[in-house]
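Read the structure below first, then the notes.
Count residues from 1 along the sequence.
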Amino acid sequence: MGTLLSSENLCAGYRREVLHNVSADFAGGEITSIVGPNGSGKSTLLKALIGLVPKSGGSVLVGGTPIENLNAAAVARRVAYLPQSKRIPELSVMTMVLHGRFAHLSYPRRYRREDIAAAERALSAMGLSGMAGESISTLSGGTQQRVFLAMALAQDSPVILMDEPTSFMDISHRIKLMELCRELADSGRAVVTVLHDLPMALRYSDKIAVLSEGVLRAVGSPEEVFRSGILDEVFGIRLKRTDTETGLLYYY
């Protein structure tokens, strides 16, 4: 499948340049996990890809169109973005998930049958169908995270960017999330995640992008990146793996 989102020689940052000449392609049908030490520019890269962080050089193409030629709603119809830190509003779960449909609505915003159906599908995918009327503020951190993920799914965009989507989740929900990412990619979407969990990133991703000090040090399959030794270098660890009945298991 073709490239749905890309950057070329992207330089970006708020008060100073954080990203330096980052060139990356994100294709439909693939899960790409961005990994790197704290402060390496992972979150900044996601924000720069949708124009939330100003670029000082290079280009970003969204569906082949330069991002500066698209307004915010047009970008949102093409790319859903789940940030790492989120304000918890006093809203019901369903109301929050319906916010993911805003980019598809004209003014004045009135939800249509297809918007309600998209929200219900997203709630079902995240195992939240029975909680539509509950207030988000009363939920656990892990459940709140699933609500925000449902909102991103309801946006129904061909590209999904997720910054630390497994935060606050227990191991079973982390696995279910990565399996959902697989389903989304298999449906033709480009799924891009920032993950601190290296073993999980290597196990479930089609591509690994390694950032260090704002520089893209490597991009490739988990096998290619593991064999290169770049993860050991940038993280200062000794990454190992073993073959199991369910596939390769990575560990430190």
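In this structure, the side chains of Leu161 and Lys47 stay at 4.5 Å or more apart for every pair of heavy atoms. Looking at heavy atoms from C-beta onward, Val79 lies out of side-chain contact with Ile160 at the 4.5 angstrom threshold. A heavy-atom distance below 4.5 Å is found between the side chains of Tyr111 and Leu105. The shortest side-chain heavy-atom distance between Ile237 and Leu198 falls under the 4.5 Å cut-off. Residues Leu91 and His99 form a side-chain contact, since some pair of their non-hydrogen atoms from C-beta on lies under 4.5 Å apart. Under the 4.5 Å side-chain criterion, counting only non-hydrogen atoms from C-beta, Arg77 is not in contact with Ser157. Taking the side chain as every heavy atom from C-beta outward, Arg174 and Glu179 never approach each other to under 4.5 Å. The closest side-chain heavy-atom distance from Arg112 to Arg101 is below 4.5 Å.
For the atom pair CG of Leu216 and OG of Ser212, the computed distance is 10.5 Å after rounding to the nearest 0.5 Å. Rounding to the nearest 0.5 angstrom, the gap separating the CZ atom in Phe148 from the CZ atom in Arg87 is 8.5 Å. For the atom pair Leu10 CG and Ser23 OG, the distance stands at 8.0 Å (nearest 0.5 Å). For the atom pair CE (Met200) and CE (Met178), the distance works out to 6.5 Å, reported to the nearest 0.5 Å. For the atom pair OH of Tyr81 and CE of Met151, the computed distance is 11.0 Å after rounding to the nearest 0.5 Å. Between atom CE of residue Met162 and atom OG of residue Ser33 there is a gap of 8.5 Å, rounded to the nearest 0.5 Å.
Arg78 pairs by the side chain to side chain contact (heavy atoms under 4.5 Å, CB included) definition with Val62, Leu70, Ala74, not counting sequence neighbours.
At least one donor-acceptor pair closer than 3.5 Å links the side chain of Thr244 to the backbone N or O of Gly247. A donor-acceptor contact shorter than 3.5 Å is absent between the side chain of Thr193 and the backbone of Leu195.
Inspection of the Asp25 and Thr3 side chains reveals no N or O donor paired with an N or O acceptor under 3.5 Å. Between Gln145 and Ser167, the side chains place no donor N or O within less than 3.5 Å of an acceptor N or O (distance only, hydrogens not considered). Side-chain contact annotation: Ser140 with Thr143, donor-acceptor N/O pair under 3.5 Å present.
When the shell of 6.0 Å around OH of Tyr252 is examined, it contains more than 12 heavy atoms from other residues, nucleotides or ligands. Enclosure of atom CD in Gln84 by more than 12 non-hydrogen atoms of other residues, nucleotides or ligands within 6.0 angstrom is indicated.
Smallest separation of non-hydrogen atoms from His20 and Glu17: ND1-OE2, 2.6 Å. Scanning all heavy atoms of the two residues, the minimum distance from Leu248 to Arg203 falls at O-NH1, 2.9 Å. Across Ala27 and Ala190, no two heavy atoms sit closer than the pair O-CB, 3.3 Å. Contact detail for Arg189 and Asp156: the closest heavy-atom pair is NH2-OD1, 2.7 Å. Between Ala122 and Val97, the closest heavy-atom pair is CB-CG1, 4.3 Å.
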Evaluate the criterion side-chain hydrogen bond (donor to acceptor under 3.5 Å, both in side chains) for residue pair Ser135 and Thr138; output intermediate values, then yes/no. CA-CA 6 Å; Ser135 173; Thr138 65; 4.9 Å; no
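For Glu233 and Arg217, the salt-bridge test passes: some basic side-chain N is under 4.0 Å from an acidic carboxylate O. Salt bridge annotation for Arg182-Asp206: present, with a cationic side-chain nitrogen under 4.0 angstrom from a carboxylate oxygen. The pair Arg241-Glu223 counts as a salt bridge, with a side-chain nitrogen and a carboxylate oxygen less than 4.0 angstrom apart.
Using the six-membered ring where Trp is involved, Phe226 and Tyr250 have ring planes that are perpendicular, over 60° apart on the 30 and 60° scheme.
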